[in-house]
Novice: 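Shown below is the structure under consideration.
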Amino acid sequence: MTYRWERELEKLRTLEPRTDLWETVKTEPQHIARAPSLRPRQRIVAGIVAFAVFAAAGAFAWTAFRPEGASRLTANGTTVPPFVLQVLDRASAPPITVTTEASSGQSGAHRPTERSPHVLDITYGSVVGRWDPSSLREHRNARPDLVRREGLTFLYPDSEPALNAGAKVRLSSQAAGARVVLIPVAGQYSSRRMGPSVQLSDGGVLPRPGHYVLEVRVDRAGVAEVWSGSVWIIPPGTFQLLWFNDGEGPHGEPFISMAVNGSHAKGGILDATGVGASGGQPTPYPFPDNISPTGLTLTVVSGSPIAMLAPATRPGNQGNTRIMLSYASPAPPYQQLGAIPVRGPARVMSMPPGDYLFRVYVDFRQADARLGFHGYRVCPIHVIASRAT
Amino acid sequence: MIVAQIERGLVTVKRTDAPDYERLFRDHSGGLFRALYVFTGGRRDIAEDATAEAFARAMAQGQRVRDPVAWIYRAAFRLAVDEHRHERRSAAAVEIAVEPPELHDLMGALRRLSPNQRAVVVLHHLEGFTLEETATRMGIAGSTARVHLHRARTKLRRLLGDEEPLS
């Protein structure tokens with residue numbers, strides 16, 4: 001079997017260096033600037049500095065990882081023993097299902113805006129940790145409810161639709177002692193805590209809007225199993241329409257992205273085809289015409305506000321990334337109605353009837369202004385005069 | 001005394017087998033250029049300069065190079081890395097040349113790989129080098145090349161799809 005990438009690779013054979021390169025070899029040798037080599041004294045100094053750094057790193061590593069005693073101080077001063085986090089076979093993990101009832105349902109429940117999940121099955125968890133029983137016996141002070149997360153695994157936003165704040169939670173588990181907590185974090189892909197965890201209980205409700213890490217923990221005879229994922233809770237009466245990713249993080253997760261939220265409490269959004277199907281895909285590069293469809297089309301009643309929210313991009317992006325709302329036209333340039341930069345404030349737009357484009361322009365540059373990639377994604381928005389139109 | 005004789009003997013033998021660099025250039029510059037092009041993420045200018053420079057330096061070494069092709073590859077990769085570092089230090093804005101449209105998908109996917117992963121996959125799958133040869137030419141360990149290749153294949157399957165078998 002030949003994979004597509006193998007066939008694509010063959011296309012590289014069309015690449016050849018310029019034809020006069022051999023002449024360059026013969027006539028202009030050594031034209032790439034070579035970094036000047038260090039003088040002997042500089043070499044000695046560099047060696048001493050390198051040794052000092054090596055010694056300091058070794059001392060630090062010994063302090064951090066020395067086996068004897070093996071205790072560390074936590075922030076509150078208590079001594080915590082080390083622990084072992086192992087990956088279990090997922091098939092052997094007991095299934096746990098958290099069920100939410102979306103209490104934000106509005107009239108006209110057939111609308112795609114009601115796509116917030118009624119059932120959230122979190123047996124997807126790809127991070128499974130457990131206490132190693134032998135290690136527990138070795139460390140007498142071990143507490144089975146202590147878990148160190150070695151980095152959270154985040155899911156793509158489109159596989160994890162937003163939940164509505166205040167939605168009722170029905171929690172059932174085949175495992176005794178299951179606990180479900182929501183940990184507020186700084187952003188969809190951040191692990192920086194922004195407040196105390198909220199424990200979910202059967203019959204409880206989802207907390208206020210924000211980004212959360214949803215963590216499910218089962219303690220069984222000294223074994224703690226942990227699942228975690230990413231959840232965005234949004235206000236009732238709003239919905240998450242569009243995600244856009246401008247890259248991929250070190251763990252394969254997309255850095256954020258943009259979101260458009262719109263109110264449907266007054267029936268402003270009539271149709272949102274393709275909701276949830278547009279996000280999570282890496283931006284292709286380069287862009288022949290700088291256009292990449294999102295697969296999402298909106299139909300909106302004129303006067304309904306559409307908010308462009310939470311524009312963000314991968315850390316370190318010094319480019320001119322922005323999101324825009326424009327009049328549609330067959331080809332660029334588009335007439336721009338409004339735009340907000342990344343990390344800028346949200347902007348609410350209300351448009352007269354017509355065809356529009358919601359455009360996300362990504363211009364990713366490192367601090368040295370080196371161009372990483374750039375391009376657009378677009379989402380057509382049809383604004384009609386009234387619901388009867 | 002014996003050493004000197006051996007050294008002289010080696011020099012004598014090598015002089016009789018002096019590499020034909022023009023032929024080597026004809027046979028290997030294309031493959032080297034492609035590997036560097038991918039290694040640098042599509043920087044044709046660096047790939048061409050490093051190719052030319054490596055051959056020029058090999059010629060300057062004359063008969064002292066035992067395995068000219070491997071030597072040239074290693075030198076070219078080092079030159080490409082140096083040139084990248086030099087550009088980073090100088091913080092100069094760099095224009096990315098427009099690449100052939102048929103390579104858009106592939107280069108987009110390859111840019112998601114690390115430079116070494118890209119180079120390994122091209123040298124092994126496109127240029128037909130064994131893993132050991134690939135490692136030698138890149139100046140890395142064989143086991144490292146194997147890991148790079150495995151990760152590169154996995155990523156490329158994910159990025160470009162893996163459900164299109166050729167009948």
Side-chain angles (χ1 to χ4, degrees), chain A residues 1-37 156 245 247-250 252 254 281-290 292 318-319 364-375, chain B residues 21-22 25-26 29-30 32-34 37-38 44 46-53 55-57 59-60 79 82-83 85-88 90-96 98-112 121-122 125-126 153 156-166:
Chain A
M1 187 173 96
T2 305
Y3 292 111
R4 183 184 164 210
W5 68 265
E6 290 177 293
R7 297 199 303 281
E8 290 279 332
L9 210 59
E10 288 296 318
K11 295 178 182 173
L12 283 173
R13 291 196 193 280
T14 59
L15 281 176
E16 289 291 340
R18 64 177 194 267
T19 52
D20 63 342
L21 201 60
W22 175 242
E23 298 304 314
T24 308
V25 173
K26 288 192 296 185
T27 57
E28 300 174 31
Q30 303 187 2
H31 55 286
I32 290 183
R34 209 189 304 186
S37 58
Y156 283 93
N245 311 306
E248 192 171 289
Q281 297 303 314
T283 309
Y285 176 86
F287 302 80
D289 193 24
N290 281 334
S292 175
Q318 303 296 315
F364 175 71
R365 287 169 194 269
Q366 306 278 6
D368 61 1
R370 186 194 302 275
L371 179 63
F373 53 86
H374 65 101
Chain B
Y21 279 105
E22 188 162 4
F25 187 86
R26 224 172 25 245
S29 63
L32 174 59
F33 167 74
R34 284 187 286 274
Y37 181 87
V38 171
R44 170 177 278 273
I46 292 182
E48 284 180 338
D49 286 351
T51 300
E53 182 72 8
F55 271 94
R57 289 189 182 183
M59 289 167 67
L79 286 164
D82 287 348
E83 185 63 9
R85 284 183 185 149
H86 174 72
E87 279 189 1
R88 267 209 299 272
S90 63
V94 174
E95 286 294 326
I96 295 180
V98 176
E99 62 205 8
E102 67 271 17
L103 296 180
H104 284 168
D105 287 352
L106 176 65
M107 288 306 296
L110 285 171
R111 285 193 184 92
R112 312 294 293 268
V121 82
V122 167
H125 282 284
L126 192 68
R153 284 168 168 164
L156 286 173
R157 272 204 300 272
R158 180 165 60 82
L159 292 167
L160 291 174
D162 59 357
E163 299 300 328
E164 298 179 46
L166 277 182

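Within every chain, numbering begins at 1; the chains are lettered A, B, ... in the order of the sequence lines, protein sequences first and strands thereafter. Keep in mind it's a predicted model, so treat the numbers as computed, not measured.
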Novice: Kindly compute the distance separating CZ (B:Phe33) from CG (A:Leu21), expressed to the nearest 0.5 Å.
Specialist: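 Going from CZ on B:Phe33 over to CG on A:Leu21, the span is 8.5 Å.
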Novice: I want to check something: taking the side chain as every heavy atom from C-beta on, are B:Leu103 and A:Leu15 in contact at a cut-off of under 4.5 Å?
Specialist: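 A side-chain contact exists here, since the closest heavy-atom pair is under 4.5 Å.
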Novice: Answer with side chain, backbone, both or neither: which region of B:Phe25 has an atom nearer than 4.5 Å to a non-hydrogen atom of chain A?
Specialist: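 Side chain only.
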Novice: Side-chain contact, heavy-atom cut-off 4.5 Å: B:Thr51 with B:Glu48?
Specialist: no
Novice: Do the charged groups of A:Arg7 and A:Glu10 touch, with an N to O distance under 4.0 Å?
Specialist: no
Novice: Please state whether the side chain, the backbone, both or neither of B:Arg26 comes within less than 4.5 Å of a heavy atom of chain A.
Specialist: neither
Novice: Can you tell me which portion of B:Val121 sits under 4.5 Å from chain A's heavy atoms? Options are side chain, backbone, both or neither.
Specialist: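 Both parts, backbone and side chain.
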